[in-house]
Amino acid sequence: MIRIYNTLTRKKEDFVTLEPNIVKMYVCGVTVYNDAHVGHAMSALVFDVIRRYLEYRGYNVKHVMNYTDVDDKIINRANALGEDPLALSQRYIADYNKNLSDLNVLPATSNPQVSKTMPLIIEFIQGLIRKEAAYAAPNGDVYFSVTSEEDYGKLSGRKIEDMQAGARIEVEEAKVHPMDFALWKAAKPGEIFWESPWGKGRPGWHIECSAMNLAELGEQIDIHGGGNDLIFPHHENEIAQSEAYTGKEFSRYWIHNGMLQIGGEKMSKSLGNIVSIQDFLAKRDADVMRMLVLSGSYRAPLIFTDETQDAAEKSLDRLRAALRAGRADLGGLSLEAASALTSQAEAAKQSFIEAMDDDFNSPLALAALYEIVKGINTARDGGANAAQLQPAQTILRELTDVLGLRLAEKTGSSADEARVLALIEERNQARKDKQWARSDQLRDQLKEMGVTIEDGKGGTTWRWG
RNA sequence: GGCGUCGUGGCCAAGUGGUAAGGCAAGGGUCUGCAAAACCCUCACCACGGGUUCAAAUCCCGUCGACGCCUCCA
């Protein structure tokens, strides 16, 4: 039984889907007006791992991730660049899709966009007005009335009275209650707009997700996810809108990932302390980002430093090394030892599943993987041949696949390969002749070419990296 | 001011009532011509102060501190 921490109840709960074996999961994507950063990557990776694990456990996951392509920031940026806002957002959507694919994030089953959901959004707002959960203001805006929902604030644990509306921004005059939020915003001169019953305008931020949810997954969903900075007001408002509209419980489980931290602060566009995904990938392998995410709880802040990145890289080396094929020509382990390795790996697989079942406890799951690694290494040291290592390696590979780790070996140019082999041959001769200085010199030369040499019992092996 | 999360070894990080997983780093050792890799060993009483309990990192109260949200934000 999978258990999931539900933000709504602040408890771990048994995961029971609305329909057997089907998971409807909606994850808030990004507003596309700028390069995405590693904080966005964290969120995408968290939900990618969750999705992969649920699929591994036999669920058919309908994974929806939206793109907010109509928004103030997009309009501002587009105006600054003299570009059409939709063209601009389309460009960043393409960039982000590239980022995700580089990060080995599985494509969502669908990626709705606000600009393509307009009729349903308008219909949704009309429905809310009919139910008296929303009202059109004289200025052309439409607001959601927070006091119309008795349990408004249930997700974030706030009471309307406690909130300091307008503490930092001015409250719109047209609002009946200061916490009311915009469903529809009247267009200002020169802004992109859509026709609506309330005149020219565009949707507010929150309504789009309620509408796209309805369009893609229906009235009720199993999992709604996103960064924990979205709990309030975004997700709170989504719940209010959707439940007011359908009269049904919106999402069963609310999952929120912690924020990526750099220099003790959240990484965010507004703070300007950003490392873009593209810049990260120019320096580090995509697996490093994923390993960083996996090495801590998805709900906790992720400490992003050179040191944690280095550590992640080393851990990956360890996994990669364990997966390297054994030598076919070795005498081999005893039958007992070989079967002990296999059963150890099978036991570790059970530990892995137990860990992941418990609210996707990836750090604990990784520990199970390292048990397999140690078993493989010990067996290899003990003379195990390729066939004896393979069952454990197959299990290890299966589980690292579940986590979405690629663990690809580094590669060099094939043109250099002949030269590498020649140098190794020369070095082997030097070693036979006990010409250690020459041998070490050749090893240094290979190192400079990006080749690592290891002199094992059965001979010298080499690899890129 | 309100709401929430949290404070575990040099770093990252599990564990939420029965005497502290794992990874990285560090030190020692085995192996090696030397290395590298691997393996073995060593390295914490869990922010602080009270309390509950036979027993607490784990529950309760308080203090201090960090971070997030209350405004666009993954």
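So you know, we letter chains A, B, ... as the sequences are listed, proteins then strands, and number each from 1.
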Counting any heavy atom closer than 4.0 Å, what does A:Arg427 reach on the DNA or RNA strands: base, sugar-phosphate only, or nothing?
-> base
For the pair made of CG in A:Asn237 and P in B:rC70, what is the distance, rounded to whole Å?
-> 11 Å
Look for any protein N or O under 3.5 Å of an N or O in nucleotides 15-20 of chain B and output each such pair with its distance, or none.
unit_1, atom_1, unit_2, atom_2, d
B:rG15, OP1, A:Asn361, ND2, 3.1

Check the distance between B:rA36's P and A:Asp444's CG and give it to me in whole angstrom.
-> 13 Å
Residues touching RNA chain B, which here means a heavy atom under 4.0 Å, drawn from residues 346-357 of chain A = none
Looking only at N and O atoms, is any donor in the side chain of A:Arg443 or the base of B:rA36 less than 3.5 Å from an acceptor on the other one?
-> no
Name the pairing partner of B:rA21, where a pair is Watson-Crick or G-U wobble with both distances under 3.5 Å, or state none.
-> none
For B:rG62, give its Watson-Crick or G-U wobble partner with both distances under 3.5 Å, or none.
-> B:rC48
For the base of B:rC31, is there a side-chain donor-acceptor partner from A:Asp381 under 3.5 Å away?
-> no
Rounded interatomic separation in angstrom, taking CZ from A:Arg431 and P from B:rA36 = 14 Å
Opposite nucleotide pairing with B:rU53, Watson-Crick or G-U, both atom distances under 3.5 Å | none
Does B:rC34 have a Watson-Crick or wobble mate here (both distances under 3.5 Å), and if so which one?
-> none
Is the number of heavy atoms from other residues, nucleotides or ligands within 6.0 Å of CD (A:Glu409) greater than 12?
-> yes
Could you tell me whether A:Asp310 and A:Lys314 have a side-chain N and a carboxylate O separated by less than 4.0 Å?
-> no
A:Lys266 has a side chain; which of B:rA36, B:rU5, B:rA74 sits nearest to it?
-> B:rA74
Is the base of B:rG4 touched by the side chain of A:Asn228 through a donor-acceptor pair closer than 3.5 angstrom?
-> no
When we call it a touch if two heavy atoms are under 4.0 Å apart, what does A:His234 touch: a base, just sugar-phosphate, or nothing?
-> nothing
Short heteroatom pairs, N/O only, protein and nucleotides 25-30 of chain B, under 3.5 Å:
unit_1, atom_1, unit_2, atom_2, d
B:rA25, OP1, A:Lys314, NZ, 2.8

Kindly list each side-chain donor-acceptor pair under 3.5 angstrom involving residues 294-303 of chain A, sequence neighbours excluded, with atom names and distances?
unit_1, atom_1, unit_2, atom_2, d
A:Ser295, OG, A:Met291, O, 3.2
A:Ser295, OG, A:Leu292, O, 2.9
A:Ser297, OG, A:Arg299, N, 3.1
A:Tyr298, OH, A:Asp359, OD1, 2.7
A:Tyr298, OH, A:Asp359, OD2, 3.4
A:Arg299, NE, A:Asp359, OD2, 3.1
A:Arg299, NH2, A:Asp359, OD2, 3.2

For RNA chain B, determine which residues of residues 294-313 of chain A have any heavy atom closer than 4.0 angstrom to one of its atoms, and list them numerically.
-> A:Ser295, A:Gly296, A:Ser297, A:Pro301, A:Ile303, A:Glu307, A:Thr308, A:Ala311
Can you figure out which of B:rA21, B:rG23, B:rG68 approaches the side chain of A:Tyr370 most closely?
-> B:rG23
Under 4.0 angstrom, heavy atoms only, what part of the nucleic acid is A:Leu366 near: base, sugar-phosphate, or nothing?
-> nothing
With a non-hydrogen cut-off below 4.0 angstrom, is A:Gln261 in contact with a base, only sugar-phosphate, or nothing?
-> sugar-phosphate
Would you please confirm or rule out a distance under 4.0 Å between OP1 or OP2 of B:rC39 and any side-chain N or O of A:Arg318?
-> yes
Side-chain heavy-atom pair A:Phe352, A:Leu369 within 4.5 angstrom cut-off = yes
A:His37 atom NE2 is separated from B:rA74 atom P, nearest whole Å, by 7 Å
Which part of the nucleic acid, if any, lies within reach of A:Gly382 when heavy atoms closer than 4.0 Å are counted: base, sugar-phosphate only, or nothing?
-> nothing
So what does A:Asp455 hit on the nucleic acid, given a heavy-atom distance under 4.0 Å: a base, only sugar-phosphate, or nothing?
-> base
Electrostatic pair A:Arg438-A:Glu426, nearest N-O below 4.0 angstrom = yes
If you look at every strand shown and take non-hydrogen atoms under 4.0 Å, does A:Ser315 touch a base, only sugar-phosphate, or nothing?
-> sugar-phosphate
Base-pairing mate for B:rG4 - Watson-Crick or G-U, with both contacts under 3.5 Å = B:rC67
Mind calculating the distance between CG (A:Asn273) and P (B:rC67) to the nearest angstrom?
-> 13 Å
Let me know, please, whether A:Ala437 or A:Thr31 comes out on the 5' side of the other along RNA chain B by nearest nucleotide.
-> A:Ala437
Salt bridge between A:Asp48 and A:Arg51, side-chain N to carboxylate O under 4.0 Å?
-> no
Carboxylate-amine/guanidinium proximity below 4.0 Å for A:Asp102 and A:Lys98 | yes
Mind checking A:Leu260 for me? I need base, sugar-phosphate or nothing, with any heavy atom below 4.0 Å counting as a touch.
-> base
In whole angstroms, the gap separating P of B:rC6 from CZ of A:Arg10 amounts to 11 Å
Partners of A:Thr305 by side-chain hydrogen bond (donor to acceptor under 3.5 Å, both in side chains), sequence neighbours excluded?
-> A:Thr308
Charged N to carboxylate O under 4.0 angstrom, A:Lys185 versus A:Asp141?
-> no
Mind checking A:Leu292 for me? I need base, sugar-phosphate or nothing, with any heavy atom below 4.0 Å counting as a touch.
-> nothing
At under 4.0 Å between heavy atoms, what does A:Met291 touch on the DNA or RNA strands: base, sugar-phosphate, or nothing?
-> nothing
Considering only the C1' atoms, how many Å lie between B:rA21 and B:rA37, rounded to the nearest integer?
-> 24 Å
What is the nucleic acid contact for A:Gly258, judged by heavy atoms within less than 4.0 Å: base, sugar-phosphate only, or nothing?
-> base
Ignoring backbone atoms, test whether A:Arg158 places a side-chain nitrogen or oxygen under 4.0 Å from the OP1 or OP2 oxygen of B:rC69.
-> no
Rounded P spacing from B:rA57 to B:rA38 in Å = 35 Å
Result for 5'-nearest mapping on RNA chain B, choosing between A:Val373 and A:Val38, is A:Val373
